[in-house]
Amino acid sequence: MPRNNASSSIKDSRALVKPDPLLPIPISILIASILTVYPVPSSMSIWRPEFMLLLTLFWVMHQPKWCGVWFAFFIGFMTDLMLDSHLGTHAFVFVLLTFTARFLTRNRRILTFPSRWIIASVVIFLNFIVLFLFHRMSGNLVPLWFWSPIIPSILAWPLICILLKRWRGA
Amino acid sequence: MEQNIFARDVQTFRPVVLALITSLVLMVADWQHPDWFDPLRRVTRAAFDPLYVFASYPVLSGDWLSEQAQSEDVLRRENSALKAERLQNNVRLQKFAELSAENTRLRGLLNTPLIIDGRMMISEIIGTDPDPLRHILVINRGQVDGLFIGQMVLDDKGVVGQVLDVFSHSARILLISDKENAISVRIERTGMRGITAGTGDSGRMNLQYVPKTADVKVGDRVFTSGLGERFPAGYPVGEVFSIQREGNTEFADIAIKPFSQLEGGHHVVLLFSAPLAKEQPHTETDLKKDETASSPSVSSPQLGMRYAAQ
């Protein structure tokens, strides 16, 4: 028992040492938005990972004190503006997925990297299902390559975790 | 302590529900009044204007490098080929000048305005829309070059699209293949009018509302008719490549293949002519209308002249 306490206090002190994510959050959003709209040939752009979604998930899962539902809403709204999609679509989806991600992690005290990866993958997959439903409801035909960013997005998750390792926080 | 906050966050549904309702309200608002959010969209697009310009540098420098790296031999060969092509074009132009003069005379007889080609501007394609579902290109000309919304965009083969948004140094072009774009057209062989709509597939457009009995053949060429009052008349759009008269609708399913290189092109041409939409293959009723109200038909050639003079 005392041993446990000791280790937790060390953890706490480490958490205190970890830098505040106040500055990295806007900078990462800026970089992700640039990656989202950076012009590439259309044959390549269908494989573009959903950077905004990945970033939202990262911050929501690693800095729950800083980034919550309204953070996800804001990022989703930005994504809608950037992609010229129906306003509110991505906001809705991101809020829903933030809730899902939190729901899936609710009872876990220790989240290992693989378990986070699996949760992220599930959430990414859900994102495409919900977006697909929205597209169908608004009467758009959805081509097969609509689903193609799923795999790159899942593969990009570890990359984002490594790049933002310093601010992994809690 | 931290666990507590985390746990509390999960159990509060209220912010989640509130955010979801807010986004639903946003969706409905955007659906009902898209114009409310236009300033916001414009600000976002304008913020990314420097990014598109920046992204175009690798493309431009790649072109520059390949130009620098060409050997003298290649350049000589290209030069002689271009000279031959120019000669051919000049010969064609002589015929064209004669036809144009004849056309002017005939139009004078019909009391209709002239078709005057305006100034042109070549522009480079520097990007595509981030959403692959939309057929939108970004070009490296903008407000400083005098572009305006609705301007016609061509390439060497035919119509490419129209200008959708203008920013200071870039502009967005809606391609004719986008599913939200439609052009009023005329079939060259029969003069039949119709509407060509994009399908979202860059190799196919549909000629809409053509009865099954209409005289349309595979290989018929389709030109802009100018009836939409947006595009000038007489520019090539595409070619009919399949006609299906089966099915239980009263209209035939006619597919058109665009002439222009919607996927592969590097350059586009912007046309600075006023939308001289009024020149049409005139029917008798039109003629009567023109006689009664001749003032617009007098003013539009002047407009065209002004643009041509620029």
Side-chain angles (χ1 to χ4, degrees), chain A residues 11-12 15 33-48 64-65 68-74 76-96 98-99 102-103 105-107 109 134-135 138 140-143 145-146 148-149 169-170, chain B residues 1-3 5-7 9-31 34 36-37 40-45 47-48 51-52 54-56 59 125-138 165 170 172 179 199-202 263-264:
Chain A
K11 249 188 186 169
D12 278 357
S33 57
I34 287 173
L35 287 174
T36 306
V37 295
Y38 194 85
V40 292
S42 60
S43 57
M44 272 160 73
S45 85
I46 61 169
W47 299 103
R48 192 199 308 256
K65 279 203 286 183
V69 166
W70 290 103
F71 172 79
F73 178 83
F74 174 71
F77 187 67
M78 259 184 79
T79 314
D80 280 328
L81 282 175
M82 285 189 303
L83 295 183
D84 216 1
S85 52
H86 205 86
L87 274 190
T89 319
H90 281 90
F92 186 91
V93 176
F94 282 13
V95 169
L96 202 68
T98 301
F99 176 72
R102 290 211 168 160
F103 183 76
T105 53
R106 74 196 183 287
N107 285 331
R109 284 171 159 248
F134 271 123
H135 272 301
S138 56
N140 283 340
L141 281 178
V142 180
W145 46 254
F146 168 81
S148 60
Chain B
M1 192 65 187
E2 222 169 305
Q3 289 291 334
I5 290 169
F6 191 57
D9 267 10
V10 169
Q11 265 139 33
T12 43
F13 281 91
R14 204 185 295 155
V16 175
V17 172
L18 229 118
L20 288 181
I21 288 172
T22 315
S23 35
L24 281 175
V25 168
L26 251 177
M27 269 191 252
V28 173
D30 187 34
W31 176 44
W36 286 1
F37 302 100
L40 212 55
R41 285 181 200 274
R42 283 198 65 80
V43 165
T44 320
R45 297 243 162 261
F48 286 114
L51 179 68
Y52 280 115
F54 171 75
S56 72
V59 180
I125 296 169
I126 58 173
T128 52
D129 196 78
D131 184 359
L133 281 170
R134 305 293 305 274
H135 287 209
I136 290 171
L137 293 179
V138 183
D165 283 313
S170 66
R172 302 201 318 141
K179 60 183 187 299
T199 57
D201 173 356
S202 59
E263 286 207 320

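Each chain gets a letter, A, B and so on, in the order its sequence line appears, and its residues count up from 1. No experiment lies behind these values; they were computed from the predicted model shown.
Nearest heavy atoms, A/V69 versus B/P15: CG1-O, 3.7 Å. Closest of all the heavy-atom pairs between B/T44 and A/M82 is CG2-CG, 4.1 Å. Minimum interatomic distance between B/R41 and A/L81 (heavy atoms only, all atoms of both residues): CG-CD2, 3.9 Å. Closest of all the heavy-atom pairs between A/G88 and B/S23 is O-CB, 3.6 Å. Closest of all the heavy-atom pairs between B/R45 and A/L83 is NH2-C, 4.4 Å. Contact detail for B/A19 and A/W70: the closest heavy-atom pair is CA-CH2, 3.6 Å.
Within 6.0 Å of CH2 on B/W31 lie no more than 12 heavy atoms contributed by other residues, nucleotides or ligands. The local environment of CZ in A/F146 is crowded, with over 12 non-hydrogen atoms from other residues, nucleotides or ligands closer than 6.0 Å.
Taking OG1 from B/T22 and CZ from A/F77, the interatomic distance works out to 11.0 Å, rounded to the nearest 0.5 Å. Between the CG atom of A/D80 and the CZ atom of B/F37 there is a distance of 10.5 Å, given to the nearest 0.5 Å.
If you tally non-hydrogen atom pairs under 4.5 Å between each of B/I136, B/I21, B/D30 and chain A, the highest count goes to B/D30.
The side-chain contact (heavy atoms from CB on, under 4.5 Å) test applied to A/L96 returns A/F92, A/V130, B/L20, not counting sequence neighbours. Listed by chain and residue number, A/N140 satisfy the side chain to side chain donor-acceptor pair (under 3.5 Å) test with A/H135 (two or more places apart in sequence, or in another chain).
In this structure, chain B has a heavy atom under 4.5 Å from the backbone of A/S85, while its side chain stays farther away. In this structure, chain A has heavy atoms under 4.5 Å from both the backbone and the side chain of B/L18. Residue contact with chain B, scored on non-hydrogen atoms closer than 4.5 Å, involves the side chain of A/F134 exclusively. Proximity to chain A is limited to the side chain of B/R172, based on heavy atoms less than 4.5 angstrom apart. Using a 4.5 Å cut-off between heavy atoms, A/F94 does not touch chain B at all.
For the pair A/F103 and B/V16, the minimum side-chain heavy-atom distance is 4.5 Å or more.
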Side chain to side chain contact (heavy atoms under 4.5 Å, CB included) assessment of B/L26 paired with A/F73: CA-CA 11 Å; B/L26 251 177; A/F73 178 83; 3.8 Å; yes
